[in-house]
Amino acid sequence: MGLATVPTPTDRCIADAHRDYPATAELTYMDVAARGLMSQQVRAALDAHLDTLASGEINKDDFFALVERTRARFAAMIRAQSDEIAFTKNVSEGLNMVATGLPWEAGDNVIVCPELEHPNNVYCWLNLRQHGVEVRTVAPCQGHLPVADMIERMDARTRTVTASTVTFAPGFRTDIERLGQACRERGIFFLVDAAQSCGVLQTDVEASHIDGLAVSTQKGLLGLYGMGFLYCRREWAERIQPAYLARFGVDLGDAHEASMGSEAYKLMPAARRFDVGNYNFVGCVAADASMGQLLTYDPKAVEHYVVGLAHELAQGFMDLGLPVCGGAPGAHLAGIVTVGELGSSHYGTDDARFNQLYTSLHDHAVRLSIRRGVLRFSLHLYNTEDDVNRVLELAQQGLGSSRR
Ligand SMILES: Cc1ncc(COP(=O)(O)O)c(C=O)c1O
């Protein structure tokens with residue numbers, strides 16, 4: 001499925017997408033950074049799949065066809081080739097597949113910004129210290145990943161640079177193209193954690209010089225927990241010996257899945273070598289249906305729409321005098337708007353006013369999160385301008401009552 005063939009709807013069409021998501025009738029849902037909403041189409045596809053499972057009349061070839069369609073759809077979403085995609089459980093599994101597969105030597109280094117990455121993009125690197133790998137850490141720059149510093153810290157022993165495309169808090173975008181270009185020029189593996197961007201922001205692994213990309217499906221891809229993808233660029237994948245190996249990672253042509261070849265096995269091309277045993281078919285059903293829906297929109301138009309709403313929300317909070325992370329809306333904004341002072345708690349903020357605001361919004365059926373001590377509002381194509389206006393009105397009322 002080529003992206004060039006999908007229609008380009010207007011923003012108005014995207015705004016109508018909320019009708020496909022039943023929860024939007026009850027909630028003002030601004031929490032895709034935790035997990036996205038399930039559409040009625042995904043629900044129907046899952047129901048049909050469960051009916052098939054319950055009936056006992058299962059044709060596994062249909063399941064394998066589903067797996068390949070899901071793989072192709074994800075490839076289309078990030079502008080990769082299908083065989084550059086492997087199936088994973090989540091982001092951490094994808095990151096670990098790369099971390100454990102690359103040919104490290106003692107004294108090599110990986111560059112990472114632990115303060116801004118999710119812990120799952122930190123522990124996989126700390127785990128390499130046992131092999132003498134240096135984890136070269138950089139500090140954030142006013143909540144941003146310090147791209148210039150990361151480039152400066154690269155040297156002849158740097159094998160991998162890793163970065164979130166968008167951080168989970170404060171939710172700023174990383175200048176992925178610049179970092180990717182610097183890695184490509186030096187032959188360094190550029191690995192991104194795209195948990196907070198895939199499905200919301202347009203992704204083009206070629207244009208961004210990305211060598212590896214890990215994502216889960218329950219956030220912007222609007223699928224289920226327990227299912228994710230790893231993109232690994234062909235040139236790199238074919239130099240990697242996976243740490244785990246099972247039947248689907250071995251090339252036996254059309255032979256049955258239970259066939260054993262000779263002991264001198266050949267790995268599957270590109271990222272298919274990372275596939276292990278049976279797939280998460282239920283997760284595939286959801287991801288296949290949700291990506292099928294997402295792909296009916298031009299990804300550029302989805303990004304434009306969602307980021308536009310985020311700008312309105314950020315500006316509205318600023319007009320209310322709230323401390324929006326990153327200040328005035330600008331190029332750093334993706335689909336996440338955060339409010340407050342960055343801290344470390346994910347259970348509350350350090351400011352009683354914001355804890356009260358969180359509770360008051362929650363009581364009015366707004367869904368958001370607190371991460372790193374800030375209120376996090378995260379948007380997707382099912383959000384509308386009405387949602388933004390409602391949250392701003394509620395915030396104004398909530399702040400008014402907390403001042404009394
Ligand atoms: C940037 C980022 N990476 C990773 C994760 C989670 O990793 P995993 O999918 O392995 O649970 C999250 C949030 O859940 C995240 O926001």
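Quick caveat, the model's predicted, so the values are computed rather than measured.
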Can you check whether Val337 reaches His311 side chain to side chain, under 4.5 Å on heavy atoms?
no
Using side-chain heavy atoms (C-beta onward) and a distance below 4.5 Å, is Met30 in contact with Leu361?
no
Could you check Asp211 against Arg184 for side chain to side chain contact (heavy atoms under 4.5 Å, CB included), going step by step and ending with a plain yes or no?
CA-CA 9 Å; Asp211 296 309; Arg184 190 62 57 87; 3.1 Å; yes
Hey, mind stepping through Glu257 and Lys60 against salt bridge (charged side-chain N to carboxylate O under 4.0 Å, His left out) and telling me if it holds?
CA-CA 11 Å; Glu257 61 174 298; Lys60 205 163 173 198; 3.0 Å; yes
With no hydrogens and no angle check, is any side-chain donor or acceptor of Arg157 less than 3.5 Å from a backbone partner on Ala106?
yes
Run the salt bridge (charged side-chain N to carboxylate O under 4.0 Å, His left out) test on Asp275 and Arg247 for me, step by step, so that the C-alpha distance in whole Å, both residues' side-chain angles and the decisive distance to 0.1 Å come before the verdict.
CA-CA 8 Å; Asp275 283 2; Arg247 167 67 185 88; over 6 Å; no
Would you check if the side chain of Ser208 reaches a backbone N or O of Ile210 as a donor-acceptor pair within less than 3.5 Å?
no
Compare every heavy atom of Ser164 with every heavy atom of Leu145, then report the nearest pair and how far apart it is.
CD1-O, 3.6 Å
For Gln81, is the CD atom crowded, meaning more than 12 foreign heavy atoms sit under 6.0 Å from it?
no
Do other residues, nucleotides or ligands put more than 12 heavy atoms under 6.0 Å from the CD atom of Glu57?
no
Between Val391 and Leu313, the two heavy atoms sitting closest are CG1-CD1, 4.1 Å
Report yes or no: does Gln196 contribute a side-chain atom to a donor-acceptor pair with the main-chain N or O of Ala33 at less than 3.5 Å?
yes
Between Leu342 and Gln142, is a side chain to side chain contact (heavy atoms under 4.5 Å, CB included) present by the stated rule, with each step listed?
CA-CA 10 Å; Leu342 272 177; Gln142 295 177 328; over 6 Å; no
Apply side chain to side chain donor-acceptor pair (under 3.5 Å) to the pair Asn120 and Ser92, showing each step before the final yes or no.
CA-CA 5 Å; Asn120 290 346; Ser92 355; 3.2 Å; yes
Could you tell me which non-hydrogen atom of Pro140 sits nearest to which non-hydrogen atom of Cys113, and how far apart they are?
N-SG, 3.7 Å
Are Arg273 and Glu84 close enough for a salt bridge, meaning some N to O gap below 4.0 Å?
no
In terms of relative ring orientation, are Phe377 and Phe317 parallel, tilted or perpendicular, with 30° and 60° separating the classes?
tilted
Ring-ring centroid check Phe274 Phe248, cutoff 6.0 Å
no
When every non-hydrogen atom of Asn90 is compared with those of Ser216, the smallest separation belongs to CA-CB, 4.2 Å
If the plane angle is over 60° it's perpendicular, under 30° parallel, otherwise tilted; pick one for Phe87 and Phe229.
tilted
Are Leu375 and Leu357 side-chain neighbours, meaning at least one heavy-atom pair lies under 4.5 Å?
yes
Is the shortest heavy-atom distance from the side chain of Thr203 to the side chain of Leu213 under 4.5 Å?
yes
Going by heavy atoms in the side chains, are Val306 and Val302 under 4.5 Å from each other?
yes
Regarding Ser39 and Gln293, do their side chains bring together a donor and an acceptor under 3.5 Å, going by distance alone?
yes
The test is salt bridge (charged side-chain N to carboxylate O under 4.0 Å, His left out); show your working for Glu68 and Arg71 and say whether it passes.
CA-CA 5 Å; Glu68 293 315 317; Arg71 198 191 304 266; 2.9 Å; yes
State whether Phe168 and Arg372 meet the cation-pi test: NZ (Lys) or CZ (Arg) under 6.0 Å from the six-membered ring centroid, and within 45° of the perpendicular axis.
yes
Heavy atoms from other residues, nucleotides or ligands near CZ of Arg43 exceed 12 (cutoff 6.0 Å)
no
Would you say Glu235 has more than 12 foreign heavy atoms packed within less than 6.0 Å of its CD?
yes
Report yes or no: does Ser345 contribute a side-chain atom to a donor-acceptor pair with the main-chain N or O of Thr349 at less than 3.5 Å?
no
Taking it one step at a time, do Met38 and Leu222 satisfy side chain to side chain contact (heavy atoms under 4.5 Å, CB included)?
CA-CA 6 Å; Met38 181 180 286; Leu222 307 175; over 6 Å; no
Does some side-chain heavy atom of Tyr279 sit less than 4.5 Å from a side-chain heavy atom of Thr70?
no
Under 3.5 Å donor-acceptor, Asn389 side chain and Asp386 backbone:
no
Nearest heavy-atom approach of Gln40 to Pro22 is N-CD, 3.9 Å
Proximity of His18 and Tyr382 rings by center, below 6.0 Å
no
Verify the neighbour count for atom CD of Glu185: are there more than 12 heavy atoms of other residues, nucleotides or ligands below 6.0 Å?
yes
Once you measure the plane-to-plane angle for His362 and Tyr358, does it fall in the parallel (<30°), tilted (30-60°) or perpendicular (>60°) bin?
parallel
Can you tell me if Asp319 and Gln315 form a side-chain donor-acceptor pair at under 3.5 Å?
yes
Could you tell me whether Arg390 and Glu393 have a side-chain N and a carboxylate O separated by less than 4.0 Å?
no
Relative to each other, are the rings of Phe281 and Phe63 parallel, tilted or perpendicular (30° and 60° limits)?
tilted
With rounding to the nearest 0.5 Å, note down the distance linking CG in Leu294 to CG in Leu381.
6.0 Å
Less than 4.5 Å apart, any side-chain heavy atom of Val215 and any of Leu221?
yes
For Gly107, does its backbone N or O pair with a side-chain atom of Glu134 as donor and acceptor, under 3.5 Å?
no
If you look at every heavy atom in Arg376 and Leu368, which pair is closest and at what distance?
O-CB, 3.3 Å
Could you tell me if the side chain of Ile240 sits less than 4.5 Å from the side chain of Cys232, heavy atoms only?
yes
Taking only Lys NZ, Arg NE, NH1 and NH2, and the carboxylate oxygens of Asp or Glu, determine whether Arg272 and Asp251 approach each other closer than 4.0 Å.
no
Whether the Thr158 and Asp155 side chains hold a donor-acceptor pair (N or O, under 3.5 Å, no angle test) is what I'd like checked.
yes
Verdict with supporting geometry, Thr165 and Arg173, side chain to side chain contact (heavy atoms under 4.5 Å, CB included):
CA-CA 6 Å; Thr165 47; Arg173 277 172 192 253; over 6 Å; no
